[in-house]
Amino acid sequence: AKLGIEYHGFHWHIESDVQHLPQFKHELAKREGIRLLQFFEDEWRDKQAICESIIRHALKKSVRIAHARKCDVRVINRYEAQQFFDGNHIDGHTQASVYFGLFAAEKLVMALSLRVPKRARERYTDAFEVARMAALCGTHVPGGASKLMASVRTWVLEHGKHQLLSYVDLRIGDGSVYKNCGIEQASDTAKPRQWFIDDLKKQRISRESVRADHGRGMSQKQVAEERGLRELHGTKNAVFCGNVDKLPVHSSSAAVVMTAQPVCATKQLTAPPKPKRLSKRALRHQAYGTVKCPVCGDEVSAVKRALGI
């Protein structure tokens with residue numbers, strides 16, 4: 001298949017008469033047998049390494065290869081997942097219920113996270129959603145998605161669900177990774193993805209971060225206009241949904257998920273837990289100690305006891 005690449009500068013894509021262009025160009029390229037990758041200005045500026053990795057993968061020119069048959073699947077913690085997705089996924093990290101990592105010689109080369117569906121929960125009550133899936137920048141992992149999906153299959157069934165759901169941004173992806181794992185495309189979203197643009201920072205802002213002000217009777221769009229934000233449109237998302245029984249089965253992967261210990265993605269120590277905040281009273285007790293009151297039996301400050309208060 002042919003490959004096309006387009007760079008969208010914010011200045012040229014915020015007017016109302018051109019907001020439909022990313023979706024229109026995607027459909028036109030698809031009809032002509034062209035896979036069109038579309039990157040926004042802030043993505044190329046702030047995440048150029050990720051953009052280049054996506055292009056290299058589409059051209060089958062990845063810098064490194066890590067074969068999944070030599071990798072182990074492990075459950076990783078939120079801190080490790082955040083470090084990995086922020087550095088390797090074009091949309092960065094997002095909260096999820098569980099995070100799976102694929103390790104080659106103790107190096108995290110691919111990760112996948114699952115969550116309860118954020119949208120259309122009443123429609124997908126029997127499903128978990130793939131929140132993020134990404135490979136290490138510049139790395140091609142043949143069979144990586146299949147091996148991760150085997151562990152996903154086990155985890156989803158153990159938690160009482162039977163379906164897997166995912167949204168694929170057609171501006172970047174084509175969903176072939178899900179098709180290869182047995183999950184077919186169910187539909188497209190009704191509307192293209194939308195953001196707001198901060199003209200001063202030249203940065204996209206998620207629609208969820210701009211809320212309607214019901215106290216002043218203002219809609220989300222009115223609040224955005226008041227803040228000087230303008231709308232930006234991308235392409236539609238492809239909706240993939242299917243029964244997890246169609247996913248690959250690797251007995252070794254399923255066993256590793258439950259037994260392996262997490263290894264930090266960045267070869268550094270996991271972030272230490274935050275110390276518990278103590279009240280002033282607890283701090284005084286910690287500093288001066290406590291004694292038991294002979295009258296009531298309660299633990300009281302040694303200082304207060306000595307002073308008779």
Side-chain angles (χ1 to χ4, degrees), residues 49-50 53-54 56-58 60-115 128-159 164-166 168 172-183 240 242 244 246-271:
I50 300 176
S53 179
I54 293 171
R56 283 182 175 276
H57 183 74
K60 299 182 180 179
K61 298 289 185 181
S62 296
V63 179
R64 295 173 296 275
I65 296 180
H67 293 281
R69 65 177 180 271
K70 299 180 180 179
C71 298
D72 296 324
V73 179
R74 307 174 188 172
V75 173
I76 60 177
N77 61 42
R78 184 183 63 82
Y79 175 75
E80 293 170 309
Q82 182 173 353
Q83 296 293 308
F84 187 83
F85 287 129
D86 281 344
N88 298 282
H89 195 287
I90 194 107
D91 284 332
H93 172 72
T94 189
Q95 292 289 348
S97 304
V98 65
Y99 308 92
F100 298 94
L102 192 66
F103 289 83
E106 300 305 318
K107 186 175 182 62
L108 183 57
V109 295
M110 194 170 184
L112 180 152
S113 62
L114 293 179
R115 67 184 177 192
F128 275 105
E129 178 188 346
V130 177
R132 293 287 185 268
M133 179 162 58
L136 185 67
C137 275
T139 305
H140 176 43
V141 190
S146 175
K147 196 159 188 175
L148 285 170
M149 287 296 181
S151 297
V152 166
R153 180 183 188 276
T154 302
W155 192 89
V156 170
L157 290 174
E158 287 181 349
H159 287 77
L164 191 68
L165 169 71
S166 185
V168 176
I172 300 294
D174 59 2
S176 58
V177 65
Y178 294 106
K179 295 176 184 177
N180 293 338
C181 291
I183 303 297
F240 285 80
V244 294
K246 298 179 181 179
L247 294 176
V249 178
H250 294 297
S251 58
S252 58
S253 297
V256 170
V257 170
M258 300 305 168
T259 60
Q261 295 298 319
V263 175
C264 184
T266 57
K267 297 288 183 125
Q268 298 174 354
L269 293 176
T270 304

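Owing to the predicted nature of the structure, the values given are computational and were not obtained by experimental measurement. The first residue in the sequence is number 1, and the count goes up from there.
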Inset, instruction - Apply side chain to side chain contact (heavy atoms under 4.5 Å, CB included) to Arg56 and list each qualifying residue two or more places apart in sequence or on a separate chain. - result: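 Side chain to side chain contact (heavy atoms under 4.5 Å, CB included) check on Arg56 returns Val63.
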Inset, instruction - Answer with yes or no whether the side chains of Thr139 and Arg64 bring together a donor and an acceptor at under 3.5 Å. - result: yes
Quick check for you: to the nearest 0.5 Å, what is the distance between [X] atom [atom1] and [Y] atom [atom2]?
{"X": "Ser113", "Y": "Glu129", "atom1": "OG", "atom2": "CD", "result": "9.0 Å"}
{"X": "Ile54", "Y": "Ile90", "atom1": "CD1", "atom2": "CD1", "result": "4.0 Å"}
{"X": "Leu247", "Y": "Leu148", "atom1": "CG", "atom2": "CG", "result": "11.5 Å"}
{"X": "Phe128", "Y": "Leu165", "atom1": "CZ", "atom2": "CG", "result": "11.5 Å"}
{"X": "Ser146", "Y": "Met149", "atom1": "OG", "atom2": "CE", "result": "9.0 Å"}
{"X": "His89", "Y": "Gln82", "atom1": "NE2", "atom2": "CD", "result": "14.0 Å"}

Under 3.5 Å, is there a donor-acceptor pair between the side chain of [X] and the main chain of [Y]?
{"X": "Lys147", "Y": "Cys71", "value": "yes"}
{"X": "Arg132", "Y": "Gly92", "value": "yes"}
{"X": "Asn88", "Y": "Cys137", "value": "yes"}

Inset, instruction - Name the orientation class of the two ring planes belonging to Phe85 and His93 (parallel below 30°, tilted from 30 to 60°, perpendicular beyond 60°). - result: parallel
Legend entry - Residues Leu136, Leu108; criterion side chain to side chain contact (heavy atoms under 4.5 Å, CB included); working and verdict: CA-CA 8 Å; Leu136 185 67; Leu108 183 57; over 6 Å; no
Legend entry - Nearest heavy atoms of Ala68 and Gly144, plus distance in Å: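 Shortest heavy-atom separation between Ala68 and Gly144 comes out as CB-N, 3.5 Å.
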Legend entry - Worked verdict on Asn77 versus Glu80 for side chain to side chain contact (heavy atoms under 4.5 Å, CB included): CA-CA 6 Å; Asn77 61 42; Glu80 293 170 309; 3.2 Å; yes
Legend entry - Any residue meeting ring-ring contact (aromatic ring centres under 6.0 Å, His included) with His67, in chain and number order, not counting sequence neighbours: none
Legend entry - Evaluation steps, side chain to side chain contact (heavy atoms under 4.5 Å, CB included), between Phe84 and Tyr99: CA-CA 11 Å; Phe84 187 83; Tyr99 308 92; over 6 Å; no
Inset, instruction - For Thr94 and Arg115, run side chain to side chain contact (heavy atoms under 4.5 Å, CB included): C-alpha distance rounded to whole Å, both residues' side-chain angles, the deciding distance at 0.1 Å, then the answer. - result: CA-CA 10 Å; Thr94 189; Arg115 67 184 177 192; 3.4 Å; yes
